[in-house]
Amino acid sequence: MKITAARVIVCSPGRNFVTLKIETDQGLTGLGDATLNGRELAVASYLTDHVLPCLIGRDAHRIEDTWQYLYRGAYWRRGPVTMSAIAAVDTALWDLKAKAAGLPLYQLLGGASRDRVMVYCHANGRDIEHTVDEVRRHQALGYQAIRVQSGVPGLDKVYGVAQPGARYEPADAALPSEHDWSTEKYLRHVPALFDAVRSAVGDEPHLLHDVHHRLSPIEAARLGKSLEPYHLFWMEDATPAENPDAFRLIRQHTTTPLAVGEVFNSIWDCKPLIEQQLVDYIRATVVHAGGITHLRRIADLASLYQVRTGCHGATDLSPVCMGAALHFDLWVPNFGLQEHMPHSEETDAVFPHAYTYADGFMHPGEAPGHGVDIDEALAARYPYQRAYLPVNRLQRDGAMWDW
Ligand code: CS2
Ligand code: MG
């Protein structure tokens, strides 16, 4: 099955997505997600200007050889742009191979290890009371695992909290919006938030929280310790993960499970944290960690150390990534949890898909391939609109901080 054409489709049905479409001499097409929130066009150019010319004429069935060709052949290895581009090619080739076999993608990975995929949702509130209401609302939708984020008294804008009446979308402006931050106010607030949520919903629901890289190791240790009475499923991105040793300090002080990895793009980012069991869940996902081929290697390494998967699944990862991730989740033996931020209706219309949600679980469906398509005519009605992720500055002195 020869690759005859490949092109990048950039569209913005409410937010930007970058999609790779590969065509073959057997009339089959494959799709890959190449969306890197806030840096979309960098990946679109990396693909269009540097990768796609090398693909024409290649055997689409040679997924591993193509992965190695693009990884080793780049010379400049790793990084979010390179690995998102490789991921898009890899995902499209897995889609093609499964379609050629007439099988849903998970069957090519080794078949289903479970009947359905547990997912977690986002309950975001302006304040504690609103957040408790949001947790209850998502329970009523069937979710058994709920991520809890809220506004912080004294801070104007905080990660994860939508503006009143709007869907939450981090890439919220044509130039980076500036958020203010106070660790002290945040650390005073979060334990009270979880005390209120647990008091309202009891011990049953799995509760999660995303620190979003904002604490020092000892502050993260303090937060993890203060949250132990509320037995979180995981505390995510507790501290910036460039220094894996930082997690050792957190580990020494708290039993709150730790999750990390949505910004990771290769097994080398994950390796020390997994091998030293400094985290409990690895959050790398298909679109940013080199595709299914590489994510399998990360999961297999993690399985040796009782670390489970927890694939990132925010709305800035396209339905193509969600579809591919659900096939991966159905197969991977050391599955932990899958993030589920439902896309908007306009996004779902551009990306028709076979995956479904019911009662806190999802399934990728039985369509051949990963089960996600793109309506190119509809996509063309949503041209790219530059959008940036926010930046954070310390409220007390304006110094740059981690968003
Ligand atoms: C977040 C993401 O879903 C999460 O866990 O960390 O929403 C993250 O902020 C965005 O993907 C950034 O584009
Ligand atoms: Mg996160």
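Index from 1, following the sequence. Counting starts at 1 for both ligands and their atoms, in listed order. Just the heavy atoms: all of them, side chains too, but no hydrogens, waters or symmetry mates, feed the values below.
Residue E236 approaches the Mg ion (ligand 2) most closely through its N/O/S atom OE2. Nearest N/O/S atom of E262 with respect to the Mg ion (ligand 2) is recorded as OE1.
Side-chain contact between K225 and T256: absent, with no pair of heavy atoms (C-beta onward) separated by less than 4.5 Å. In this structure the side chain of I292 reaches within 4.5 angstrom of the side chain of D90, judged on heavy atoms.
In terms of protein heavy-atom proximity, atom 6 (O) of ligand 1 is nearest to E262 OE2, 2.5 Å. Protein heavy atom at the shortest distance from atom 3 (O) of ligand 1 is E339 OE2, 2.4 Å. With hydrogens left out, the protein atom closest to atom 10 (C) of ligand 1 is D316 OD1, 3.4 Å, a heavy atom. In terms of protein heavy-atom proximity, atom 1 (C) of ligand 1 is closest to Y159 OH, 2.9 Å.
Taking every non-hydrogen atom of H312 and a distance limit under 4.0 Å, the qualifying atoms of ligand 1 come out as 2 (C), 3 (O), 4 (C), 11 (O). When each atom of ligand 1 is checked for a heavy atom of R283 under 4.0 Å away, the hits are 4 (C), 5 (O). Each of the following atoms of ligand 1 lies closer than 4.0 Å to a heavy atom of N37: 13 (O). Close approach to D210 involves these atoms of ligand 1, each under 4.0 Å from a residue heavy atom: 1 (C), 4 (C), 5 (O), 6 (O). Of all atoms in ligand 1, numbered sequentially from 1 with element shown, those under 4.0 Å from a heavy atom of H212 are 1 (C), 6 (O), 8 (C), 9 (O). Less than 4.0 angstrom separates some heavy atom of L389 from each of these atoms of ligand 1: 13 (O).
The aromatic rings of Y186 and H209 sit parallel to each other, their planes meeting at less than 30°, with 60° as the upper class boundary. Note on ring orientation: taking the six-membered ring where Trp is involved, the planes of H179 and W403 are perpendicular (angle over 60°, cut-offs 30° and 60°). Between H363 and Y106, the ring planes are perpendicular. Angles over 60° get that label, and only those under 30° would be called parallel.
In this structure, R7 pairs ionically with E376, as a charged nitrogen and a carboxylate oxygen lie closer than 4.0 Å. A salt bridge does not link R222 with E219: every distance from a Lys NZ or Arg NE/NH1/NH2 to an Asp or Glu carboxylate oxygen is 4.0 Å or more.
For the pair R214 and W181, the cation sits on the ring face: its NZ or CZ lies under 6.0 Å from the ring centre, inside 45° of the axis. Judged by the 6.0 Å distance and 45° axis criteria, R251 is not positioned over the aromatic ring of F247. Annotation: cation-pi geometry not satisfied between R72 and W67 (NZ/CZ under 6.0 angstrom from ring centroid, within 45° of ring axis).
For the side chain to side chain donor-acceptor pair (under 3.5 Å) criterion with S150, the lone passing option out of R126, H189, E129, H130 is H189.
Look at E339 and the Mg ion (ligand 2): no N/O/S atom of the residue is under 2.8 Å from the metal. One of the N, O or S atoms belonging to D210 lies under 2.8 Å away from the Mg ion (ligand 2).
Using a 4.0 Å heavy-atom cutoff, M341 is absent from the residues neighbouring ligand 1.
At a 4.0 Å heavy-atom cut-off, ligand 1 touches H122 through the side chain alone. For W403, every heavy-atom contact with ligand 1 shorter than 4.0 Å involves the side chain, none the backbone.
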